[in-house]
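Since the structure is predicted, the reported quantities are computational estimates derived from the model, not experimental observations. This chain uses plain numbering: 1 for the first residue, then up along the sequence. Each ligand, and each atom within it, is numbered from 1 in the order the structure gives.
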Amino acid sequence: MTTQPVKAYGTTAIEEPLHEITIQRRAVQPHDVAFEILYCGICHSDLHQIKGDFGPFPPPIVPGHEIVGKVTAVGSHVKNFKVGDLAAVGCIVDSCDHCEYCNDGLEQFCDEGVTYSFNSVDKISGGHTFGGFSKTYVCNERYVLKMPAFENLAAAAPLLCAGITVYSPLKHWNAGPGKKVGILGIGGLGHLAIKIAKAMGAEVTVFTTSPAKVEDAKRLGADNAVLSTDAEAMAKYNRQLHFIIDTVSANHDVNVYLNLLRHDGSVVLVGLPNQPLEIGAFNVIMGRRSFAGSNIGGIAETQEMLDFCFKHNITADSEIINIQEVNTAFERLEKGDVKYRFVIDMASLEA
Ligand code: NAP
Ligand code: ZN
């Protein structure tokens with residue numbers, strides 16, 4: 001298959017800083033959309049990947065899966081995009097497109113395995129996929145989102161992963177008027193969960209380990225904010241919440257949060273600690289509580305989320321950086337020193 005060289009930022013080994021490399025992207029196929037990348041968010045999953053938290057990776061790895069750009073070329077069979085349109089890609093760039101899950105808009109659970117936007121086997125080129133820390137992307141139009149014309153397009157990029165990862169469970173577990181929703185961890189995902197849950201009409205309580213974020217949570221729209229190390233403040237929420245989204249990226253005690261649930265409530269894990277979590281039997285049998293999980297969201301639901309956020313004027317609180325600052329950004333993300341998402345201005349990478 002013919003390929004084209006593309007400038008990117010990547011790494012070939014764990015602990016090796018990201019640096020400029022040249023990757024090969026497949027030439028535009030009949031159903032493909034090619035676009036110039038304008039902005040790409042930095043998700044904690046990018047950090048997990050380059051640290052090897054999810055296991056070894058085939059070098060080189062080019063992270064980035066919150067990708068927004070402008071269409072530069074379309075294949076002969078493309079129906080929904082034309083040159084000059086805004087376009088976006090999140091985590092999913094391919095799936096079998098015929099299993100029960102794909103047919104139900106749940107591509108993230110595809111029977112044959114989903115192709116992620118980076119570090120996945122590319123079924124078409126035979127190589128592997130490279131993410132959005134690069135100048136261009138090529139993707140089958142079935143997996144390309146229509147990007148609404150957000151006033152701050154850079155700040156909308158994090159919706160492509162962080163946004164859909166919290167929107168999907170909020171919707172599935174019926175966040176809305178009369179529902180008391182807890183949000184655990186105020187990072188990229190957590191701060192968008194506050195904004196989206198409020199826009200859905202829920203009462204939102206956040207739990208944070210960072211004293212400085214207690215006040216900030218209210219600015220973001222939370223009704224209540226609790227420092228999770230304050231046992232007295234935590235006790236007030238015992239048996240109060242309908243469900244809790246857990247966005248914590250590291251090991252932590254989920255039993256504390258199961259006890260904040262009302263009967264039939266659920267703690268829904270979206271964070272990806274790299275060690276198994278322990279659950280005490282009594283914390284789930286009492287109150288018939290559930291411990292559940294959720295993985296991003298399907299393509300149609302991602303489009304729905306983008307349109308919802310556009311309508312409600314929701315974007316991420318973002319710190320825009322140049323690609324040359326990406327290693328410092330990862331160091332700061334690891335320390336929790338970002339309010340609340342880094343977004344790379346890809347114009348900083350010369351073609
Ligand atoms: P992030 O911006 O780093 O936020 C994570 C937050 O978790 C931190 O801001 C911090 O919030 C809290 N935290 C971190 N370490 C902690 C610890 N040791 N104990 C308690 N709290 C801690 O990360 P993100 O980009 O939002 O991603 C969050 C997690 O979701 C990551 O593991 C990521 O890989 C995962 N993820 C999953 C999916 C999915 O589909 N399931 C999709 C995207 C991301 P406070 O300072 O408020 O305590
Ligand atoms: Zn992500």
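- One finds a salt bridge joining Asp223 and Lys198 here, because a Lys/Arg side-chain nitrogen approaches an Asp/Glu carboxylate oxygen to under 4.0 Å.
- When non-hydrogen atoms are compared, ligand 1 lies under 4.0 Å from neither the backbone nor the side chain of Ser228.
- For atom 2 (O) of ligand 1, the nearest protein heavy atom (residue, atom name, distance) is Gly188 N, 2.9 Å.
- Around CZ of Phe291, the count of heavy atoms belonging to other residues, nucleotides or ligands within 6.0 Å exceeds 12.
- The nearest non-hydrogen atom to atom 16 (C) of ligand 1, considering only Val248, Asp253, Leu333, comes from Val248.
- For Ser294, the closest heavy-atom approach to ligand 1 falls below 4.0 Å.
- Taking every heavy atom of Gly185 and a limit of under 4.0 angstrom, the matching atoms of ligand 1 come to 11 (O), 47 (O).
- In the vicinity of Lys213, heavy-atom distances shorter than 4.0 Å reach the ligand 1 atoms 9 (O), 11 (O), 45 (P), 46 (O), 47 (O).
- Both the backbone and the side chain of His44 come within 4.0 Å of ligand 1, counting heavy atoms alone.
- Asp122 contributes atom CG, which lies 6.5 Å from atom OG1 of Thr129 (distance to the nearest 0.5 angstrom).
- Not close to ligand 1: Gln108, with no non-hydrogen atom less than 4.0 angstrom away.
- Close approach to Thr247 involves these atoms of ligand 1, each under 4.0 Å from a residue heavy atom: 5 (C), 28 (C), 29 (C).
- The only member of His65, Gln49, His128 that meets side chain to side chain donor-acceptor pair (under 3.5 Å) when paired with Asn119 is Gln49.
- Between Glu20 and Lys7 a salt bridge is recorded (basic side-chain N to carboxylate O distance below 4.0 Å).
- Leu192 and Leu170 fall within a single hydrophobic cluster, where Ile, Leu, Val, Met, Phe, Trp and Tyr side chains are chained together by heavy-atom contacts under 4.5 Å.
- For Glu107 and Ser95, the side-chain atoms include no donor-acceptor pair closer than 3.5 Å.
- For atom 20 (C) of ligand 1, the closest heavy atom belonging to the protein is Thr209 CG2, 3.5 Å.
- Classification of the Phe243-Trp173 ring pair by plane angle, with boundaries at 30° and 60°, yields parallel.
- Residues Val326 and Ile320 fall into different hydrophobic clusters, defined by Ile, Leu, Val, Met, Phe, Trp and Tyr side chains chained together at heavy-atom separations under 4.5 Å.
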message: The test is side-chain contact (heavy atoms from CB on, under 4.5 Å); show your working for Ile344 and Tyr9 and say whether it passes.
response: CA-CA 11 Å; Ile344 307 167; Tyr9 251 61; over 6 Å; no
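- For ligand 1 and Arg341, the ligand atoms under 4.0 Å from any heavy atom of the residue are 24 (P), 25 (O).
- Remark: ligand 1 and His48 share an N or O pair separated by less than 3.5 Å (distance only, no angle test).
- Protein heavy atom at the shortest distance from atom 37 (C) of ligand 1 is Val270 O, 2.8 Å.
- When Ser45, Gly41, Ala250, Gly190 are ranked by how near their heavy atoms come to atom 34 (O) of ligand 1, first place goes to Ser45.
- Which parts of ligand 1 touch Cys161 is read off a 4.0 Å heavy-atom cut-off, strictly below it: atoms 42 (C), 43 (C).
- At least one N or O atom of Leu189 sits closer than 3.5 Å to an N or O atom of ligand 1.
- The Zn ion (ligand 2) has no N, O or S atom of His44 inside 2.8 Å of it.
- Looking at Thr72 and Glu36, their side chains never bring a donor and an acceptor atom within 3.5 Å of each other.
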- prompt: Given the rule in the side-chain contact (heavy atoms from CB on, under 4.5 Å) test, do Phe133 and Leu349 qualify, once you have shown the distances and angles that lead to the verdict?
  reply: CA-CA 9 Å; Phe133 294 5; Leu349 179 62; over 6 Å; no
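- At a threshold of 2.8 Å, the Zn ion (ligand 2) has a backbone or side-chain N, O or S atom of His65 nearer than that distance.
- For atom 6 (C) of ligand 1, the nearest non-hydrogen atom from the set Pro169, Gly187, Ala162, Cys91 belongs to Gly187.
- Every atom of ligand 1 with a heavy atom of Gly271 under 4.0 Å away is listed here by number and element: 29 (C), 30 (O), 32 (O), 35 (C).
- Short contacts between ligand 1 and Ser210, defined as distances under 4.0 Å to a heavy atom of the residue, involve ligand atoms 45 (P), 46 (O).
- Among protein heavy atoms, atom 11 (O) of ligand 1 sits closest to Ile186 N, 3.3 Å.
- Ligand 1 lies less than 4.0 angstrom from a heavy atom belonging to Cys43.
- Only the side chain of Thr165 comes within 4.0 Å of ligand 1, counting heavy atoms alone; its backbone N, CA, C and O stay farther away.
- Note that the OG1 atom of Thr136 and the CD atom of Gln4 stand 7.5 Å from one another [nearest 0.5 Å].
- Among the atoms of Ile296, some N or O lies under 3.5 angstrom from an N or O of ligand 1.
- Each of the following atoms of ligand 1 lies closer than 4.0 Å to a heavy atom of Thr208: 45 (P), 46 (O), 47 (O), 48 (O).
- Using a 30° and 60° split on the angle between ring planes, His48 and Phe54 fall in the tilted class, from 30° to 60°.
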message: Asn313 vs Glu151, test: side-chain contact (heavy atoms from CB on, under 4.5 Å). Steps then yes/no.
response: CA-CA 9 Å; Asn313 206 13; Glu151 203 174 303; over 6 Å; no
